[in-house]
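Have a look at the structure below, then the notes.
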Amino acid sequence: MNADGRTRLNQTPEWTALAKHREELGDVRLRELFAADADRGTAYTLRVGDLYVDYSKHLVTDDTLRLLRELASATDVFGLRDAMFRGEKINTTENRAVLHTALRAPRDAVIEVDGENVVPGVHAVLDKMADFANRVRSGEWTGHTGKRIRNVVNVGIGGSDLGPAMAYEVLRAFTDRSLTLRFVSNVDGADLHEAIRDLDPAETLFIIASKTFTTIETVTNATSARSWLLAALGDEAAVARHFVALSTNAEKVAEFGIDTANMFEFWDWVGGRYSYDSAIGLSLMIAIGPDRFREMLDGFRIVDEHFRTAPAESNVPLLLGLLGIWYGNFHDAQSHAVLPYSHYLSKFTAYLQQLDMESNGKYVGRDGREVEWQTGPVVWGTPGTNGQHAYYQLIHQGTKLIPADFIGFARPVAELSDELKAQHDLLMANFFAQTQALAFGKTPEEVRAEGVPEELVPHKTFRGNHPTTTILAPELTPSVLGQLVALYEHKVFVQGAVWNIDSFDQWGVELGKVLAKRVEPALTEGAEVEGLDASTKALVATYRELRGR
Ligand code: F6P
């Protein structure tokens, strides 16, 4: 029993039942499951919003799904979900509400945190963002010298970078192509250098995005960006026309020298990795315009409402979360691949890495005790078809079980030429072929029947049985992007709830930050740093020598 009155997850009857069921299923074959049920390919599908979700190619039966749902019920996933939507402080280690869903709530919704309705504030900021975005887009907001803003550089890291950077790529076809958007995150000076080297400072707007406004990478890059601007424009007053801030910390923004009138606010109940639909999305809104941004929020809301109200049997985020638990906890899968068949989703998996791994990469439960079960997987992947010519070999014939999500679209984006649009069928032929090959493989008999010499038969055999989810949408639109992101947000939520971990803190990133601060004087001044281990000491000495210090 836990301190919080819950039975340890791995001692619940539901967990034990799943372990037993896993044993009974043994090496169940997808070929057999499909042969036994002619309707499987349509029965094991769900729809949410524009998303058609096929989970038939999973190593599950009706019993598996029932047992997984029973686990979700025993761990009160829906109870925690309701507490989240109500604005309760379910981020217990930081004593904060978790309300990214309020960022896309309609104007007339009422969601209270500490007795205050947060929705009017959300819409006030959205309106202020829209007004500013329109002024930049129309040329009404000019730089210090009166020149039109043509370049927007978002300076932020983690959740203050990955979301808008990803979404900007995804929605490129909807962006104002006359604007150049760049994203600077790395404290490696090369990042800022490459982002600004060909820009005219007089035409450049910096958006400094940082929830805390204390993140060393962002503050450092922002300071260098300001020096670059002032070196060219030579007037402190220029900062007000070329720098705006996105933050929860007005005091630090003012301290940095940005007028808080040029600050777009959000709140401590928005986690960094759940924030790109808040003020953190300003760069995206400038690129795609407020209307498209609102369409994206509508997409988020479709999936929020589905997650909040759909019964367990048809609740897609619940299903996806539970499938991940099935493989991670009952098949020892260590990773999860997300393989979008859209070039525009090139940063989508990187975005999901933070969303999933910073949320659920934890070995301590809500009760303060170490968990005795696997938690979040390693999330990885790049767009198809590129991966097919790189690492798919390992997924097909390696020794590891890698469940994967395949995300594809029926229609190519509208602005492609007819010839390029025609390539879409080839892209999607690969998309469908891969999940088929992964699921059903190729038997030795099938290989032999092709006349392959016997010694090559084992090499050309595909065991198959690699589980995949296929997510198919009509077209890549702002709304569909919102739907996809909300789907993964809630999937991650489900898993954290079952594993009884706090998915909304990130203490694991702190130690490295503290140590970096301590080590820096050793590099720059050769200072004696207390407590350096022998390896790091020698590395620092070698670094200084190579650096010519
Ligand atoms: O170090 C991790 C982290 O706190 C993330 O959770 C966050 O998204 C990122 O740093 C950036 O933080 P901030 O927006 O406060 O600069």
Side-chain angles (χ1 to χ4, degrees), residues 17-46 52-69 313 316 319-320 322-339 341 377 381 384-385 387-388 391-408 428-472:
L18 274 161
K20 185 162 164 271
H21 173 69
R22 165 76 184 97
E23 251 179 64
E24 284 163 3
L25 274 185
D27 187 25
V28 68
R29 313 299 299 168
L30 281 168
R31 280 183 183 241
E32 290 162 19
L33 293 175
F34 273 81
D37 177 5
D39 294 332
R40 188 177 171 97
T42 47
Y44 278 42
T45 62
L46 286 171
Y52 176 88
V53 180
D54 175 339
Y55 59 100
S56 63
K57 296 189 184 86
H58 277 288
L59 304 169
V60 295
T61 63
D62 287 348
D63 280 342
T64 322
L65 296 169
R66 179 180 49 78
L67 291 169
L68 285 167
R69 284 194 299 270
E313 291 72 17
V316 181
L319 171 77
L320 297 188
L322 292 175
L323 287 170
I325 285 167
W326 178 233
Y327 296 114
N329 297 112
F330 299 96
H331 289 75
D332 296 325
Q334 298 292 312
S335 78
H336 183 91
V338 179
L339 308 167
Y341 275 61
T385 58
Q388 292 175 207
Y391 52 77
Y392 275 39
Q393 164 67 36
L394 184 145
I395 309 182
H396 282 286
Q397 287 189 317
T399 52
K400 293 169 177 57
L401 177 72
I402 301 174
D405 296 347
F406 279 68
I407 304 171
M428 292 306 284
N430 277 277
F431 176 80
F432 296 119
Q434 284 298 326
T435 58
Q436 193 187 1
L438 285 166
F440 305 113
K442 199 170 184 183
T443 63
E445 294 71 38
E446 286 166 348
V447 178
R448 276 188 203 103
E450 288 175 355
V452 170
E454 195 54 33
E455 69 275 17
L456 284 183
V457 168
H459 298 282
K460 295 199 165 196
T461 297
F462 289 69
R463 276 207 302 242
N465 245 23
H466 300 289
T468 58
T469 301
T470 299
I471 302 175
L472 186 62

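In this chain, numbering begins with 1 at the start of the sequence shown.
Residue His396 is tested with Gln434, Gln388, Arg463 for a side chain to side chain donor-acceptor pair (under 3.5 Å); the sole match is Gln434. Of the candidates Leu323, Ile471, Thr468, Leu323 is the only one forming a side-chain contact (heavy atoms from CB on, under 4.5 Å) with Tyr55.
The shortest heavy-atom contact between Lys460 and Val452 is CD-CG1, 3.9 Å. Among all heavy-atom pairs drawn from Phe431 and Ile407, the shortest one is CE1-C, 3.4 Å.
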Inset, instruction - Test side-chain contact (heavy atoms from CB on, under 4.5 Å) on Leu46 and Leu319 and set out the steps. - result: CA-CA 10 Å; Leu46 286 171; Leu319 171 77; 4.0 Å; yes

Inset, instruction - Would you check, one step at a time, whether the test side-chain contact (heavy atoms from CB on, under 4.5 Å) holds for Leu394 with Ile402? - result: CA-CA 9 Å; Leu394 184 145; Ile402 301 174; 3.5 Å; yes

Legend entry - Derivation of the side-chain contact (heavy atoms from CB on, under 4.5 Å) call for Phe440 and Gln436: CA-CA 6 Å; Phe440 305 113; Gln436 193 187 1; 3.9 Å; yes

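Taking CD of Glu450 as the reference point, atom NZ of Lys442 lies at 3.5 Å (rounded to 0.5 Å). With values rounded to the nearest 0.5 angstrom, Lys57 atom NZ is found 14.0 Å from His466 atom NE2. From Leu401, atom CG reaches atom CG of Asp332 across 9.0 Å, with rounding to the nearest 0.5 Å.
No side-chain N or O of Gln397 forms a donor-acceptor pair with one of His459 less than 3.5 Å apart. Side-chain contact check for Thr42 and Thr45: no donor-acceptor pair (N or O, by modelled atom type) lies under 3.5 Å. In this structure, a donor-acceptor pair under 3.5 Å is present between the side chains of Asp54 and Ser56. For the residue pair Tyr327 / His58, a side-chain donor-acceptor distance below 3.5 Å is found, with atom types taken as modelled.
Taking the six-membered ring where tryptophan is involved, the planes of Phe406 and Tyr341 are essentially parallel, since the angle between them stays under 30° and well short of 60°.
Tyr44 contributes a side-chain N or O that, together with a main-chain N or O of Asp62, makes up a donor-acceptor pair within less than 3.5 Å. In this structure, Arg22 contributes its side chain and Gly26 its backbone to a donor-acceptor pair below 3.5 Å. Remark: the backbone N or O of Glu446 is paired with a side-chain donor or acceptor of Thr443 at under 3.5 angstrom. Checked by atom type and distance alone, the side chain of Asn465 pairs as donor or acceptor with a backbone atom of Leu30 at under 3.5 Å.
Surrounding CD of Glu454 are more than 12 heavy atoms belonging to other residues, nucleotides or ligands, all under 6.0 Å away.
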